[in-house]
Amino acid sequence: MEFEQRAKEIIKAIPRGKVATYLQVASLAGNHRAARQVARVLHSSSAKDRLPWQRVINSRGGISLKRGHGFEEQKRRLIKEGVHVDSRGRVDLDVFQWEPGGTRFASAREFLRNLAKQKPSSSGRAF
DNA sequence: CCTATGACAGACA
DNA sequence: GTGTCTGCCATAG
């Protein structure tokens, strides 16, 4: 429940017009191996907690929801806030990925790689 | 305790 | 690029 709570707060912190990956949220929440739990949290309580769920996408920069089961709505919501999503549901992470704290890395992948190196529960706060 | 779940990620063919 | 397989782990029951 600790993890879940932190994950929710992180998701709420993703700014309009930016996206974060499940892995990124999990890492920021203190456990880079818990990406699936982020998915689970969104699945079970995104509506109830008014989370900006549309801003969470997978590590390949794509929408994970399936067509006919949320894909279209997520795409609409993202486009409405200025994120470019192509017909296949892909977003350019190098352009739209959220960089908490404005940390600069050579690339989005480098940024993620760095986060993923943290040990679970390690001192926390990447903000 | 055990099992099931989940909108994942990475490695590999 | 695609498809499959495996590891992953916090929660709920």
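Heavy atoms only: backbone and side chains are in, while hydrogens, waters and symmetry mates are out. The chains referred to below are lettered A, B, ... by the order of the sequence lines, with proteins before strands, and numbering in each begins at 1.
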Colleague: For C:dT11, give its Watson-Crick or G-U wobble partner with both distances under 3.5 Å, or none.
Modeller: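 Across all strands, the one nucleotide that pairs with C:dT11 is B:dA4.
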
Colleague: Between B:dA7 atom P and A:K8 atom NZ, what is the distance in whole Å?
Modeller: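 One finds 16 Å between P of B:dA7 and NZ of A:K8, rounded.
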
Colleague: Strictly by modelled atom types, are A:E81 and A:Q54 linked by a side-chain donor-acceptor pair under 3.5 Å?
Modeller: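 Looking only at side-chain atoms, A:Q54 and A:E81 do form a donor-acceptor pair, the distance falling under 3.5 Å.
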
Colleague: Does OP1 or OP2 of B:dG10 have a side-chain N or O of A:S59 closer than 4.0 Å?
Modeller: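 Yes, within the criterion.
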
Colleague: Can you name the atoms? Protein N/O to nucleotides 11-13 of chain B N/O, anything below 3.5 Å, with the distance.
Modeller:
none

Colleague: Is the closest side-chain heavy-atom distance between A:F96 and A:I57 below 4.5 Å?
Modeller: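 A:F96 vs A:I57: side chains apart.
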
Colleague: From A:R77 CZ over to A:W53 CH2, what is the distance, rounded to the nearest 0.5 angstrom?
Modeller: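 That separation rounds to 4.5 Å.
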
Colleague: What is the distance, rounded to the nearest whole Å, between atom CZ of A:R77 and atom P of B:dA7?
Modeller: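 So the two atoms are 17 Å apart, to the nearest Å.
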
Colleague: In terms of side-chain geometry, is the basic nitrogen of A:R76 or A:E72 positioned less than 4.0 Å from the acidic oxygen of its partner?
Modeller: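 Not counted as a salt bridge, because no side-chain N and carboxylate O are separated by less than 4.0 Å.
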
Colleague: Roughly how far apart are A:Q37 CD and A:L42 CG, rounded to 0.5 Å?
Modeller: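 Spacing of CD (A:Q37) from CG (A:L42) equals 12.0 Å.
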
Colleague: CG of A:L23 versus C1' of C:dC9: gap in Å, rounded?
Modeller: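 Roughly 14 Å, once rounded to whole Å.
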
Colleague: Rounding to the closest angstrom, what is the interatomic distance between C:dG13 and B:dA7 at atom C1'?
Modeller: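 Going atom to atom, C1' in each nucleotide, I get 22 Å.
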
Colleague: For A:Q37 and A:R40, find the nucleotide of DNA chain C closest to each by heavy atoms; which residue's nucleotide sits nearer the 5' end?
Modeller: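 Going by which nucleotide is closer to the 5' end, it is A:Q37.
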
Colleague: B:dA9 base to A:Y22 side chain: any donor-acceptor pair below 3.5 Å?
Modeller: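 Flag unset: no donor-acceptor pair detected.
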
Colleague: Find the distance A:R33:CZ to C:dA10:C1' and express it as a whole number of Å.
Modeller: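 Whole-Å distance recorded here is 12 Å.
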
Colleague: In whole angstroms, how far is the P atom of B:dA7 from the CZ atom of A:R67?
Modeller: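 It works out to 17 Å between those atoms.
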
Colleague: Between C1' on B:dC8 and CG on A:L65, what's the gap in Å once rounded to a whole number?
Modeller: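 The distance from CG of A:L65 to C1' of B:dC8 comes to 12 Å, rounded to the nearest Å.
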
Colleague: Quick one: A:F3 CZ to C:dA10 P, roughly how many Å, whole number?
Modeller: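 It is 8 Å, rounded to the nearest whole Å.
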
Colleague: Classify the nucleic acid contact of A:S46 as base, sugar-phosphate or nothing, counting any heavy atom under 4.0 Å across all strands shown.
Modeller: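 Answer is base: heavy atoms of A:S46 come under 4.0 Å of a base.
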
Colleague: Can you tell me the distance, in whole Å, between the CZ atom of A:R90 and the C1' atom of C:dT2?
Modeller: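 In whole Å, C:dT2 C1' and A:R90 CZ are 12 Å from each other.
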
Colleague: With rounding to the nearest 0.5 angstrom, report the NZ to CG distance, A:K18 to A:L78.
Modeller: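 Answer rounded to 0.5 Å: 12.5 Å.
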
Colleague: Counting just side-chain N and O atoms, does A:R88 come under 4.0 Å of either OP1 or OP2 of C:dT2?
Modeller: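 Yes, such a contact exists.
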
Colleague: With heavy-atom distances below 4.5 Å as the criterion, would you say the side chains of A:Q24 and A:Q97 are in contact?
Modeller: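 Yes; the side chains approach each other to less than 4.5 Å.
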
Colleague: Would you say a side-chain N or O of A:N31 is under 4.0 Å from OP1 or OP2 of C:dA10?
Modeller: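 Yes, because at least one side-chain N or O of A:N31 sits under 4.0 Å from OP1 or OP2 of C:dA10.
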
